K.L.:
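Below is the structure I would like to discuss, written out as C-alpha cells.
Keep in mind that the numbers below use all heavy atoms, side chains included, and drop hydrogens, waters and symmetry copies. Everything numeric here is computed off the predicted structure, so don't read it as measured data.
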Amino acid sequence: MVGIAAWGAYAPRLRLSRKAVVAANAWVAPGLAGKARGERSMANWDEDALTMAVEAARDALGVEDEDRAVVETAIFASTTAPFVDRQNAGILAAALTLPPSIASADVTGSQRCGLTALGQALDAAASGKRVLVAAGEHRRARAASPQELDFGDAAAAFVVSPDGGAATFLGRGTVTDDFVDHFRGADAQFDYAWEERWIRDEGIVKLVPPAVRDALEAAGVTAAEVDHFCFPSVFPGMGATLAKALGIRPEAVRDTLAAQLGEAGCAHGPLLLAHALEEALPGQIVLVAQFGQGAEALVFRVGEAAVRPARGVTGALADRQEETNYLKFLVFNDLVEWDRGMRAEKDNKTALTTLYRNRDQILGLVGGRCRETGVVQFPRTRISVAPNNPAVDTQEPYRFAERAAQVLTYSADYLTFSMSPPNHYGMIVFEGGGRIMLDITDVAPGEVETGLPVKMVFRIKDRDEKRGFVRYFWKAAPDRSALAATSAQAAE
C-alpha cells in the first residue's frame, strides 16, 4: 500500500547555547532569561535550507545508484529557499544525480508546506509514482528576539512509493484559512509575528483539531488509538493541549526536540515524523500535524519492513558540538557588518554557461572512469589520465560523493579570506581511486591531519552578493562515524 519507503534527517553539527545568547543580550533584553535552557541547531556559514535538504535526502536514499534511478519526482519544501526564481528542487535533483527525466516542484508559502509536500507525494504515489520529498529550513531572526532562541535549522526527507514498507499511509486532513500568525513580505528579511495568545487560542486551538479529526476519520482510526502524536510548536505544552481536546492519550504526545534543536519551521513536522518512525513499533499509529494558515494532518501505520537510515534524527541529535560564541552566530547569519579585509574584495560572478556544461561534475561531484583501464579521475575529460594509456573518449560517469575518502595533504590558511578562519583545504584521496583538491568544513583548528577519514557534503562554495547568486559545490567533512569505529576497534 502507498506509504513511506525510507526516510532521512539532517541537523547541523553546531548547537548554539541559549544561555550564551541570553547572557549576551541581558543588558538590552532581560526578558529573554526564561528561554536560557537548552540549545538550538545552528547552520554553519556554508549551509542553507537546500544543502541541509540534500543531506537529509542522501540519508533517505542511501548510496546505491539503483535507489536513485527509480525516483520519478523530486519535491523540495521550504519557506527559506535560496532562490525565488530558480527551481530549488532542480538543484536538489542535480546534487543527488537523479535522472533528468524526473518531475520536480518547489512547495513554499506556509509553515505547514513540508507536510503539504508530503501529502502531494502520497497522492502521486497512489498513481504509481516513486517520489522524493525533502524539506529544509534556515530562518533568520532579529538579534535579541525570542525567535532567535526558538528557531532551529534542520531538514528531513522521505521516499514515498506505491508499496512503502516503512509506514503505510492511512489518511489526510487539511484546513486552509488565512489566519496570519506571522508573515514575511517579499522584500523582508525577518518574520513579523502577532501576539502569542491570539495565535494559540484563535489559531492553533481552533484550526488544527478539524484537520486532525478529518485525517483520523479518513484513516478509520480513533484518537485513542494514536500511539505517537507529533505536533511542532514554539509554545510549550501545545501538543498536550491539542491531545486533550482531541482525545489522544497524553503519553502519545511526542517531545518536540525544542531543547536540543529548536523549531525548524516547515521541516519540523517532517522531522518529528522521522523521529517517531525511528522509535515506533510495527503496527503502531503515528499522527503528525502542523499549523500554518490552516493545518495539515497525516496518519500512518508503522510497517514491518522499515529500513533504518544510516543517520536519521537520532544520529543528527548525537552528532553535536556546543557553540557558545554568539558573535559567530551573528556573523554566519549576516546579522552584523564586519570588516572582511582586502582579500575578500573580489567579484564572485558565476559563469552560468560553464556551470551548465559541467553541472553533473559541479553539483553532483561526478567524475570519470576509463572503460579500458578502470582509472578514475576528477574532473572528467576527453583524455584519460591513465599512465601509459591516454585513451580518448573512453570515460563513463563516476560518482565520488558517496565514496569513502581521507585527507592526503592539507593546509590551514589564515591568509586567504574565510568566513570561519582558518581556511582548511587539502588533497582528498578516494577509496577505489581518484583525488580532488577540496575545502574541508565542520572542523576546528588542529583537528585536520593526514589520514583523517572524511565524507563528502554538499555546501555553499561562495555567494555572489552583488547579483544574489549562490554557488554550490562539495566539500570534505570529518567522517566521525568512521573515526568512532576506528577508536572502538583500537580499544578492543
K.L.:
Side-chain contact, heavy-atom cut-off 4.5 Å: Tyr356 with Thr354?
P.N.:
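Of all side-chain heavy-atom pairs linking Thr354 with Tyr356, none is under 4.5 Å.
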
K.L.:
Do Trp7 and Asp59 come close enough that some side-chain heavy atom pair is under 4.5 Å?
P.N.:
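Result no, sub-4.5 Å side-chain heavy-atom pair not found.
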
K.L.:
Would you say CD of Glu337 has more than 12 non-hydrogen atoms from neighbouring residues, nucleotides or ligands within 6.0 angstrom?
P.N.:
no

K.L.:
Suppose we screen for side chain to side chain contact (heavy atoms under 4.5 Å, CB included). Which residues come up paired with Ser481, at least two apart in sequence or across chains?
P.N.:
Asp479

K.L.:
Using a 4.5 Å cut-off on heavy atoms from C-beta on, say whether the side chain of Pro232 contacts that of Thr256.
P.N.:
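Of all side-chain heavy-atom pairs linking Pro232 with Thr256, none is under 4.5 Å.
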
K.L.:
To the closest 0.5 Å, what do you measure between CD1 (Ile4) and CG (Leu122)?
P.N.:
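Rounded to the nearest 0.5 Å, the CD1-CG separation comes to 6.5 Å.
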
K.L.:
Taking salt bridge (Lys or Arg N to Asp or Glu O under 4.0 Å) as the criterion, tell me which of Lys328, Arg15, Lys19 meets it with Glu323.
P.N.:
Lys328

K.L.:
For Trp198, does its backbone N or O pair with a side-chain atom of Glu202 as donor and acceptor, under 3.5 Å?
P.N.:
no

K.L.:
With rounding to the nearest 0.5 Å, note down the distance linking CE in Met52 to CG in Leu50.
P.N.:
9.5 Å

K.L.:
Apply side chain to side chain contact (heavy atoms under 4.5 Å, CB included) to Ala412 and list each qualifying residue two or more places apart in sequence or on a separate chain.
P.N.:
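Only Pro422, His424 meet the side chain to side chain contact (heavy atoms under 4.5 Å, CB included) criterion with Ala412.
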
K.L.:
Do Asp106 side-chain atoms and Ala89 backbone N/O form a donor-acceptor pair below 3.5 Å?
P.N.:
yes

K.L.:
Determine whether the aromatic ring centres of Tyr192 and Phe190 lie less than 6.0 Å apart.
P.N.:
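Here the rings of Phe190 and Tyr192 have centres that are no less than 6.0 Å from each other.
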
K.L.:
Just by distance, no angles: are the side chains of Gln111 and Asp181 close enough, under 3.5 Å, to form a donor-acceptor pair?
P.N.:
no

K.L.:
With a 6.0 Å cut-off on the ring centroids, do Trp474 and Phe458 count as close?
P.N.:
yes

K.L.:
How about Ile75 and Ser104: do any of their side-chain heavy atoms sit closer than 4.5 Å?
P.N.:
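When only atoms from C-beta onward are counted, Ser104 and Ile75 do not touch, as no gap falls below 4.5 Å.
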
K.L.:
Does Trp338 have any side chain to side chain contact (heavy atoms under 4.5 Å, CB included) partners at least two apart in sequence or in another chain, and if so, which?
P.N.:
Val331, Arg340, Phe417, Met419

K.L.:
Is there side-chain contact between Ser78 and Thr108, with at least one heavy-atom pair below 4.5 Å?
P.N.:
no

K.L.:
Are Arg467 and Asp347 ion-paired here, with the side-chain N under 4.0 Å from a carboxylate O?
P.N.:
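Salt bridge present between Arg467 and Asp347.
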
K.L.:
Assess whether a salt bridge exists between Glu296 and Arg172, defined as any Lys/Arg side-chain N lying under 4.0 Å from an Asp/Glu carboxylate O.
P.N.:
yes

K.L.:
When you measure from the side chain of Thr241 to the backbone of Gly237, do you find a donor-acceptor pair of N or O atoms at a distance under 3.5 Å?
P.N.:
yes

K.L.:
For Arg68, what residues pass the side chain to side chain contact (heavy atoms under 4.5 Å, CB included) criterion, not counting sequence neighbours?
P.N.:
Arg58, Leu61, Leu96, Thr97, Leu98, Arg399, Glu402

K.L.:
Working to the nearest 0.5 Å, report the span between CG of Leu452 and CD of Glu447.
P.N.:
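It is 7.0 Å, given to the nearest 0.5 Å.
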
K.L.:
Cut-off 3.5 Å, no hydrogens considered: what does the side-chain donor-acceptor table look like for residues 257-266, sequence neighbours left out?
P.N.:
| from | atom 1 | to | atom 2 | distance (Å) |
| --- | --- | --- | --- | --- |
| Glu263 | OE1 | Arg139 | NH2 | 2.7 |
| Glu263 | OE1 | Gly265 | N | 3.2 |

K.L.:
Are any non-hydrogen side-chain atoms of Val212 and Pro209 less than 4.5 angstrom apart?
P.N.:
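The answer is no; the side chains never approach within 4.5 Å.
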
K.L.:
Can you measure from CG (Leu271) to CD (Glu137) and round to the nearest 0.5 angstrom?
P.N.:
12.0 Å

K.L.:
Looking just at side-chain N and O atoms, do Glu55 and Thr51 make a donor-acceptor pair shorter than 3.5 Å?
P.N.:
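Note: Glu55 and Thr51 side chains miss the donor-acceptor criterion.
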
K.L.:
Could you tell me if Arg403 sits above the aromatic ring of Phe430, with its cationic atom closer than 6.0 Å to the ring centre and no more than 45 degrees from the axis?
P.N.:
no

K.L.:
Answer yes or no: is there an ion pair linking Asp319 with Arg13, defined by an N-O contact shorter than 4.0 Å?
P.N.:
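Salt bridge between Asp319 and Arg13, a charged N being under 4.0 Å from a carboxylate O: yes.
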
K.L.:
Sub-3.5 Å donor-acceptor pair from the side chain of Ser41 to the main-chain atoms of Asp153, do we have one?
P.N.:
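Yes, the answer is positive, given that a donor and an acceptor are paired below the 3.5 Å cut-off.
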
K.L.:
Whether Asp439 and Lys461 form a salt bridge (side-chain N of Lys/Arg under 4.0 Å from carboxylate O of Asp/Glu) is what I want to check.
P.N.:
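Salt bridge between Lys461 and Asp439, a charged N being under 4.0 Å from a carboxylate O: yes.
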
K.L.:
What's the separation between atom NE2 in His138 and atom CE in Met42, rounded to the nearest 0.5 Å?
P.N.:
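It comes to 9.0 Å.
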
K.L.:
Mind checking whether Val407 and Glu449 have side chains closer than 4.5 Å, heavy atoms only?
P.N.:
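They are not in contact (no side-chain heavy atoms under 4.5 Å apart), so the answer is no.
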
K.L.:
Could you tell me whether Phe179 and Trp194 have their ring centroids closer than 6.0 angstrom?
P.N.:
no

K.L.:
Is a salt bridge present between Arg308 and Glu279, judged by a nitrogen-to-oxygen distance below 4.0 Å?
P.N.:
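No.
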
K.L.:
What distance separates Gln147 CD from Asp150 CG, expressed to the nearest 0.5 Å?
P.N.:
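The CD atom of Gln147 sits 6.5 Å away from the CG atom of Asp150.
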
K.L.:
Output all residues satisfying side-chain hydrogen bond (donor to acceptor under 3.5 Å, both in side chains) with Asp255, sequence neighbours left out; order by chain, then residue number.
P.N.:
none

K.L.:
Would the Phe83 and Phe469 ring centres measure less than 6.0 Å apart?
P.N.:
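Centroid separation for Phe83 and Phe469: below 6.0 Å.
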
K.L.:
Quick one: does Phe291's side chain get under 4.5 Å of Arg112's, heavy atoms only?
P.N.:
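Answer no - side chains too far apart.
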
K.L.:
Strictly under 6.0 Å, is that where the ring centroids of Tyr410 and Tyr425 end up?
P.N.:
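No, the ring centres sit 6.0 Å or more apart.
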
K.L.:
For Arg471, is there an ion pair with Asp464 - N to carboxylate O distance below 4.0 angstrom?
P.N.:
no

K.L.:
Should Arg380 and Asp360 count as an ion pair when the cut-off is N to O under 4.0 Å?
P.N.:
yes

